[in-house]
Amino acid sequence: MTRAIYPGSFDPFHFGHVDIARRASALFDELLVTVFDAPAKRLLFSTEERIEIAREALEGAQNISIVSYSGLTVKWAQQHGVRVIVRGIRNVDDLSFESRIDMANRQMAPQIDTCYLLCSPKYVYLSSTILKEVASLDGDVSHWVTPHTEQALRQRFAERKR
Ligand code: ADP
């Protein structure tokens, strides 16, 4: 039984994330999408909101669950019987960044490996940052997120404008 995690900020979860989560869930017995509670970024959504958005986007997926976590990813993974960390790669910048994290992680937890999935071409330019920028300017984001997530984005930016 191989348990894998797909960690991230997921602020919010978009179709690039859905694609990686679904493909990873076909490779491992169990996939936990782990939502990091305190990334060093200014967040648009709370941890609970990010979990709820990811749950809705992944509804119906058999072996995927969504949970929050805090602290070091590898430490959490060790405490929860995780063998594999999944990360999505869009370009060489992602690869370069991830390879440095990978080295540090393996130093701390040599028994845990990271599995990289190249993102699908149609999401190669998509990031939560671009998504939020477009949504904040009232652009169409319907090809990047579910209608539920789109609504959550619209509502959050409307609240901010008040
Ligand atoms: P981070 O975890 O670095 O804060 P995110 O939460 O946005 O960043 O992303 C979580 C994971 O999803 C990372 O492995 C990231 O590379 C991957 N990812 C982000 N955007 C995409 C995309 N468009 N397609 C595939 N994977 C992506």
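Just so you know, ligand 1 is whichever comes first in the structure, and atom 1 is the first atom listed for that ligand.
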A.B. asks: What residue and atom, counting heavy atoms only, is the protein's closest point to atom 20 (N) of ligand 1, and at what distance?
C.D. replies: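 Ranked first by proximity to atom 20 (N) of ligand 1 is R90 NH1, 3.2 Å.
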
A.B. asks: Would one find an N or O of F10, backbone or side chain, under 3.5 Å from an N or O of ligand 1?
C.D. replies: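 So ligand 1 has an N or O lying under 3.5 Å from an N or O of F10.
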
A.B. asks: Testing the 3.5 Å rule here: is there a donor-acceptor pair between the side chains of S120 and D19?
C.D. replies: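 Distance-only check passes for S120 and D19.
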
A.B. asks: Which residue holds the protein heavy atom closest to atom 26 (N) of ligand 1, what is that atom called, and what is the gap in Å?
C.D. replies: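 Minimum-distance protein heavy atom for atom 26 (N) of ligand 1 reads I20 CG1, 3.5 Å.
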
A.B. asks: Would you say R87 has any N or O atom under 3.5 Å from an N or O of ligand 1, going by distance alone?
C.D. replies: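 Yes, there is a polar N/O contact under 3.5 Å.
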
A.B. asks: Please list, in number order, the atoms of ligand 1 under 4.0 Å from a heavy atom of H14.
C.D. replies: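 Selected atoms, number and element: 20 (N), 21 (C), 22 (C), 23 (N).
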
A.B. asks: Atoms of ligand 1 less than 4.0 Å from G8 heavy atoms?
C.D. replies: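 The atoms of ligand 1 under 4.0 Å from a heavy atom of G8 are 2 (O), 6 (O), 10 (C).
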
A.B. asks: Decide, yes or no, whether a salt bridge links E59 with R55 under the criterion of side-chain N to carboxylate O below 4.0 Å.
C.D. replies: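 No.
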
A.B. asks: Do T114 and E98 meet the criterion of a side-chain donor-acceptor pair at a distance under 3.5 Å?
C.D. replies: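 Side chains of T114 and E98: no pair found under 3.5 Å.
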
A.B. asks: With a 4.0 Å cut-off on N to O distance, would you call K132 and D11 a salt bridge?
C.D. replies: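 Judged by the 4.0 Å cut-off on N to carboxylate O distance, K132 and D11 do form a salt bridge.
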
A.B. asks: Looking at atom 9 (O) of ligand 1, what's its closest protein heavy atom, distance included?
C.D. replies: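 Among all protein heavy atoms, the one nearest atom 9 (O) of ligand 1 is H17 NE2, 3.4 Å.
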
A.B. asks: Between S9 and ligand 1, does any nitrogen or oxygen pair lie at a separation below 3.5 Å?
C.D. replies: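 Yes.
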
A.B. asks: To the nearest 0.1 Å, how far is atom 16 (O) of ligand 1 from its closest protein heavy atom, and which atom is that?
C.D. replies: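 Protein heavy atom at minimum distance: G88 O, 2.6 Å.
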
A.B. asks: Does L126 approach ligand 1 within less than 4.0 angstrom via side chain, backbone, both or neither, non-hydrogen atoms only?
C.D. replies: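 Under 4.0 Å from ligand 1, L126 contributes backbone and side-chain atoms.
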
A.B. asks: Taking atom types as modelled, find out whether S142 and D140 have a side-chain donor-acceptor pair closer than 3.5 angstrom.
C.D. replies: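 Their side chains do contain a donor-acceptor pair, which is all the 3.5 Å distance test asks for.
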
A.B. asks: Tell me whether ligand 1 is touched by Y6 - counting only heavy atoms on the residue side and a distance under 4.0 Å.
C.D. replies: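 In this structure, Y6 qualifies as a contact of ligand 1 - some heavy atom is under 4.0 Å.
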
A.B. asks: Give me the other members of the hydrophobic cluster that L137 sits in, counting Ile, Leu, Val, Met, Phe, Trp and Tyr linked by side-chain heavy atoms under 4.5 Å, directly or via other members.
C.D. replies: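 Members other than L137 - counting any ILVMFWY side chain reachable under 4.5 Å - there are none.
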
A.B. asks: Starting from L72 and following side-chain heavy-atom contacts under 4.5 Å between hydrophobic residues (I, L, V, M, F, W, Y), which residues can be reached?
C.D. replies: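 Grouped by the 4.5 Å side-chain rule, I5, L32, F36, V67, Y69, V74, W76, V82, I85, M108, I112 form the rest of the cluster around L72.
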
A.B. asks: Taking only Lys NZ, Arg NE, NH1 and NH2, and the carboxylate oxygens of Asp or Glu, determine whether D94 and R87 approach each other closer than 4.0 Å.
C.D. replies: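 R87 and D94: not salt-bridged.
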
A.B. asks: Which of the atoms in ligand 1, numbered in the order shown and given with their element, are less than 4.0 Å from a heavy-atom of Y123?
C.D. replies: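 What qualifies from ligand 1 is 22 (C), 23 (N).
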
A.B. asks: Do any N/O atoms on C119 end up under 3.5 angstrom from N/O atoms on ligand 1?
C.D. replies: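 No, C119 has no N/O under 3.5 Å of an N/O on ligand 1.
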
A.B. asks: Which atoms of ligand 1 are found less than 4.0 Å from any heavy atom of K41?
C.D. replies: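 Listed by number with element: 1 (P), 4 (O), 8 (O).
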
A.B. asks: Are any non-hydrogen side-chain atoms of V86 and F28 less than 4.5 angstrom apart?
C.D. replies: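 Yes, at least one pair of side-chain atoms sits under 4.5 Å.
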
